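Remarks on the structure that follows.
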Amino acid sequence: MEKENSGSFKYTGKSFSKLSVNDDSSAFSDCNSDRSGEFQTASSQNRRFLLACAAENPDDLIRQLVSDLESCSIDEQKQAAMEIRLLSKNKPEDRLKIAKAGAIKPLISLISSSDSQLQEYGVTAILNLSLCDENKELIASSGAIKPLVRALRTGTSTAKENAACALLRLSQMEENKVAIGRSGAIPLLVNLLETGAFRGKKDAATALYSLCSTKENKIRAVQAGIMKPLVELMADFGSNMVDKSAFVLSLLITVPEAKTAVVEEAGIPVLLEIIEVGSQRQKEIAVSILLQICEDNLVFRAMVAREGAIPALVALTQSGTNRARQKAETLIDLLRQPRSSNAAAARTSDV
């Protein structure tokens, strides 16, 4: 697996790639346990009874629930999956106990169910179990990736969101990134980014950010049409997705296909608007992206200059962060270079 290393970027405590922007830790938050609320069948009385049983004899309760996951009754399977989801929602020690009791394989089987509610319960329970780092390898090796991708394609909105989160958790193991990409997850995550509700968009962006630290997944994302939703979200300052979308774009822009695609989706004016009116962090990442777009392509430089970039870049050299100032100064120098100095680049450009 080829992993790109272009700058120092940290997410969930890990360096995914070398990017030329500062802290992204507040742009992305790791998936916590499911945020879909209690299942309708989980009344307060049921939940109190479940917790009381767990407190008195948790091992026996867990063994019984795991057994019920393989019941011939769909209702019993649903109840067991719901109760496992409740037990695994907050306590790491319970997540380990449930996995050791053999719950993972039957839960994965539920994700493939034609019953949408049962599928949702299975996805959500797997998500909660995946929050324990010790469980991630077992979940992946037990064959969870393809069923989670299927849920991302066919599930309820909650199942899709929780499947995206579960895939994010599994992708935090480097060896899973390419497997997830090759399973067909990336076009589905791009679709969720474009059409999902806010939580779905956020979860999709976070998963894509993790997955696109590898070159082949970057290319898959571009081929899946990711630039359109990324540019649209960056242009919408009310979306609360500007930072997340820009960080994803900053990973993708290291491949030539991404540079062409963002230009074709009218991304240059959007990036310049961010430089003019965005936050300091947004300005820094936008100028970094523009610099990478322009560094080897005369035609793209001319397009950026025609959009009136230089005044905004000059202002950034005076008021931006130290890193943003350096990037802006370098980009201004590029834009002011004579066109003849890169005639060869213009002749070979495909734009």
Side-chain angles (χ1 to χ4, degrees), residues 1-11 14-21 24 27-28 167-168 171 174-194 204-234 243-268 270-271 274 284-304 327 330-331 334 342 344-351:
M1 175 178 67
E2 181 177 358
K3 184 182 176 184
E4 300 243 317
N5 291 311
S6 60
S8 177
F9 224 42
K10 285 205 171 176
Y11 167 60
K14 292 177 64 177
S15 178
F16 285 126
S17 68
K18 285 179 137 192
L19 294 171
S20 316
V21 280
D24 63 336
F28 292 100
L167 288 169
L168 163 66
S171 74
E174 289 297 321
E175 58 269 30
N176 291 333
K177 291 181 188 290
V178 169
I180 293 171
R182 292 175 180 174
S183 71
I186 288 176
L188 299 171
L189 289 167
V190 170
N191 183 64
L192 185 60
L193 179 69
E194 185 168 16
T206 309
L208 286 163
Y209 181 80
S210 176
L211 289 166
C212 288
S213 64
T214 67
K215 183 176 181 180
E216 71 175 77
N217 285 345
K218 293 178 186 184
I219 295 171
R220 284 194 182 94
V222 174
Q223 291 173 341
I226 194 173
M227 287 305 165
K228 180 177 182 291
L230 286 182
V231 170
E232 289 175 351
L233 290 168
M234 287 191 301
D243 293 57
K244 295 178 182 66
S245 301
F247 275 115
V248 174
L249 178 54
S250 70
L251 274 182
L252 298 174
I253 207 67
T254 59
V255 297
E257 296 88 343
K259 296 177 184 181
T260 301
V262 74
V263 171
E264 290 176 346
E265 291 294 341
I268 288 175
V270 172
L271 290 164
I274 293 173
E284 184 178 317
I285 193 168
V287 72
S288 177
I289 292 167
L290 275 177
L291 179 57
Q292 291 182 80
I293 290 172
C294 292
E295 59 187 356
D296 296 317
N297 193 299
L298 178 62
V299 173
F300 292 165
R301 291 183 202 175
M303 293 174 71
V304 172
K327 299 289 184 182
T330 303
L331 183 52
L334 276 178
N342 278 319
R347 286 195 300 270
T348 58
S349 172
D350 58 356
V351 174

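All of these numbers come straight from a predicted model, not from anything done at the bench. No hydrogens, no waters, no symmetry mates; every other heavy atom, side chains included, goes into these values.
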Side chains of L230 and L252 in contact at under 4.5 Å (non-hydrogen atoms): yes
Short side-chain to backbone donor-acceptor contact, R220 and I186, under 3.5 Å: no
Separation between CG of L168 and OG1 of T206, rounded to the nearest 0.5 Å: 6.5 Å
Pairing of E216 and R182 as salt bridge, 4.0 angstrom limit: yes
A205 to L193 - nearest heavy-atom pair and separation: CB-CD1, 4.0 Å
Gap between atom CG of L249 and atom CD1 of I289 - 0.5 Å precision: 4.0 Å
Polar side chain donor-acceptor pair, T254 to K218, under 3.5 angstrom: yes
Flag side-chain contact, heavy atom, 4.5 Å: L208 against N217: no
Atom of S183, atom of I180 and distance for their closest heavy-atom approach: OG-O, 2.5 Å
side-chain contact (heavy atoms from CB on, under 4.5 Å) partners for E257, two or more places apart: I219, V222, V255
Sub-4.5 Å side-chain heavy-atom contact between V248 and I226: yes
Beyond-backbone contact of V287 with L291, side-chain heavy atoms, under 4.5 angstrom: no
For C294 against V304, the heavy-atom pair lying closest together: SG-CG2, 3.5 Å
Separation of D243 CG from I274 CD1 (nearest 0.5 Å): 8.5 Å
Test log, rule salt bridge (Lys or Arg N to Asp or Glu O under 4.0 Å), inputs E295 and K259: CA-CA 11 Å; E295 59 187 356; K259 296 177 184 181; 3.7 Å; yes
Nearest atoms (heavy-atom pairs only) where A261 meets M227: CB-CG, 3.5 Å
Side chain proximity check, S171 to N176, heavy atoms < 4.5 angstrom: no
Partners passing side-chain contact (heavy atoms from CB on, under 4.5 Å) against L188 (at least two apart in sequence or in another chain): V149, L152, R153
Whether K177 side chain and S213 backbone form a donor-acceptor pair below 3.5 Å: no
Residues which pass salt bridge (Lys or Arg N to Asp or Glu O under 4.0 Å) with E194, listed by chain and number, not counting sequence neighbours: K228
Minimum heavy-atom distance Q292-S250, with the two atoms named: NE2-O, 4.5 Å
With A246 via side-chain contact (heavy atoms from CB on, under 4.5 Å) - residues at least two apart: M234, I285
Separation of Y209 OH from S245 OG (nearest 0.5 Å): 13.0 Å
Close side-chain approach of T260 to F300, heavy-atom, < 4.5 Å: yes
Distance (rounded to the nearest 0.5 Å) between L331 CG and L290 CG: 6.0 Å
Student check: side-chain heavy atoms of L189 and L211 closer than 4.5 Å: yes
